[in-house]
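What follows is a set of notes on a single structure, which appears directly below.
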Amino acid sequence: MTVLEVKNATKRFGSLIAVRDVSLSVPKGELRAIIGPNGAGKTTFFNLISGFFPPSSGAIEFDGRDITQLAAHKRVGLGMARTFQITEIFPELTVFENVRIGAEVAGGYCLRPWISESEKSGVETRVEEILKLTGLQSKLNRLVAMALTLRPHLLLLDEPTAGMGDQETYEITQLIRRLHRDSKLTIVLIEHDMRVVFHLADRITVLDQGSVLAEGTSQEIANNEAVQAAYLGKAA
């Protein structure tokens, strides 16, 4: 079963073509990494998938449904969750309260002035599950936790290890591996750290100047001369 299918997506900003005729097929349960040099179009492509930008041409399907023109919040309602490079939380709230907000949104309670005791208990149970799963004692994983409260079956991670030291990167990598293995989540991530990419990804898609340069397993990408020249820093 294919969870995400992008067909010949192109995004133009005036005369600039940020994404050019990109196709991507992600089967259920796969962990796909998207890599490429700065300016390759990775974040724009993520914005097309998650609904923040409409494509200039092409189509996007999620669980077999055409979502090309569907608003971002409606994609979330279908089971698509995304984290961002610039992480935003509510700093005046506790970790528990931050995660609870996501659980309340997922439960459809965000616009209600009150919820019943049974509903409140269900929300708190879900929050405790997420805190346990993500090991939030260190507070590193709270953005991922907020995304998980939406009960997604496609998780989009934009630079999850950006700005982290080695220990923090290790902990986030282990968390992503657990989510993929134990929770059977389908995950697509953008990542610059090749140690993380080669350690985690089932398959890798390489973008360069808005187009797909290569796609394959970690070994295939590491051995690809075009990728070495464009991204990994070796002469072809």
Side-chain angles (χ1 to χ4, degrees), residues 2-6 9 19 22-50 80-87 133-135 138 140-141 143-145 147-148 152-236:
T2 300
V3 172
L4 177 67
E5 187 83 36
V6 182
V19 173
V22 172
S23 295
L24 179 76
S25 183
V26 181
K28 181 178 176 62
E30 182 176 87
L31 197 160
R32 176 70 63 95
I34 298 175
I35 68 172
N38 290 333
K42 303 183 298 296
T43 297
T44 299
F45 185 56
F46 246 37
N47 285 334
L48 297 181
I49 294 172
S50 53
M80 181 185 294
R82 176 184 175 178
T83 65
F84 292 82
Q85 271 184 273
I86 302 173
T87 54
L133 175 63
T134 56
S138 65
L140 290 175
N141 308 325
L143 270 298
V144 175
L148 292 176
H153 50 276
L154 174 62
L155 182 60
L156 306 171
L157 301 175
D158 190 353
E159 297 280 5
T161 68
M164 293 185 178
D166 287 344
Q167 181 60 33
E168 296 168 332
T169 296
Y170 172 78
E171 292 177 13
I172 284 289
T173 301
Q174 292 302 107
L175 169 61
I176 295 170
R177 177 174 287 281
R178 287 202 309 274
L179 295 175
H180 181 229
R181 181 189 61 219
D182 299 340
S183 300
K184 312 300 182 185
L185 266 176
T186 305
I187 300 173
V188 180
L189 65 87
I190 295 174
E191 182 56 62
H192 272 108
D193 191 327
M194 291 298 97
R195 299 171 301 171
V196 174
V197 170
F198 290 149
H199 183 66
L200 289 176
D202 296 318
R203 291 182 66 80
I204 300 169
T205 298
V206 185
L207 297 183
D208 187 35
Q209 299 182 43
S211 300
V212 175
L213 177 65
E215 187 172 285
T217 64
S218 296
Q219 191 62 49
E220 290 169 341
I221 294 302
N223 293 334
N224 187 298
E225 292 186 354
V227 175
Q228 292 171 1
Y231 187 61
L232 298 180
K234 298 181 182 179

Rounding to 0.5 Å, atoms OG1 (Thr173) and CG (Asp193) come to a distance of 7.0 Å

To the nearest 0.5 Å, atom CD of Glu215 lies from atom CG of Leu24 at 6.5 Å

One should read off an interatomic distance between Arg203 CZ and Glu220 CD, to the nearest 0.5 angstrom, of 6.5 Å

Those residues at least two apart in sequence (or on a different chain) that pass side-chain contact (heavy atoms from CB on, under 4.5 Å) with Thr44 are Lys11, Phe13, Ala18, Val19, Phe53

Quick one: does Arg32's side chain have a donor or acceptor within less than 3.5 Å of a partner on Pro27's backbone?
no

Q: Examine distances only and state if a side-chain atom of Gln228 and a backbone atom of Ala222 form a donor-acceptor pair shorter than 3.5 Å.
A: yes

Keeping Arg82 on the side-chain end and Ile49 on the backbone end, is there a donor-acceptor pair under 3.5 Å?
no

Paired with Asp158, the side-chain contact (heavy atoms from CB on, under 4.5 Å) test is passed by just one of Asn47, Leu189, Ile190, Val188, namely Ile190

Would you find a donor on one side and an acceptor on the other, under 3.5 Å apart, between the side chain of Lys42 and the backbone of Pro37? yes

Legend entry - Exceeds 12 heavy-atom contacts within 6.0 angstrom, atom CD of Gln174: yes

With side-chain contact (heavy atoms from CB on, under 4.5 Å) as the criterion, how do Val26 and Thr186 come out once you've worked through the C-alpha distance, each side chain's angles and the decisive distance to 0.1 Å? CA-CA 8 Å; Val26 181; Thr186 305; 3.7 Å; yes

Any side-chain heavy-atom pair of Val6 and Leu48 under 4.5 Å: no

Practice item. State, with a plain yes or no, whether a side-chain heavy atom of Ile204 is found less than 4.5 Å away from one of Ser218. Key: yes

Rounding to 0.5 Å, atoms OH (Tyr170) and NE2 (His199) come to a distance of 7.5 Å

Under 3.5 Å, is there a donor-acceptor pair between the side chain of Asp202 and the main chain of Leu31?
-> yes

Is it the case that the side chain of His180 and the backbone of Gly29 share a donor-acceptor pair, with hydrogens and angles ignored and the cut-off at 3.5 Å? yes

Looking only at heavy atoms, the pair that brings His153 and Val3 closest together is O-CG1, 4.4 Å

CG (Leu207) and OG1 (Thr205) are apart, to the nearest 0.5 Å, by 7.0 Å

Looking only at heavy atoms, the pair that brings Glu5 and Ser25 closest together is OE1-OG, 3.0 Å

For Ile221 and Ala214 the tightest heavy-atom approach is CD1-CB, 4.0 Å

- Message: Between Thr161 and Met164 (side chain of the first, backbone of the second, donor and acceptor by atom type, cut-off under 3.5 Å), is there such a pair?
- Response: no

task: Would you mind reporting whether Met194 and Ile35 have side-chain heavy atoms less than 4.5 Å apart?
output: yes

dist Thr217:OG1 -> Phe198:CZ (nearest 0.5 Å) comes out at 9.5 Å

Using side-chain heavy atoms (C-beta onward) and a distance below 4.5 Å, is Val212 in contact with Val206? no

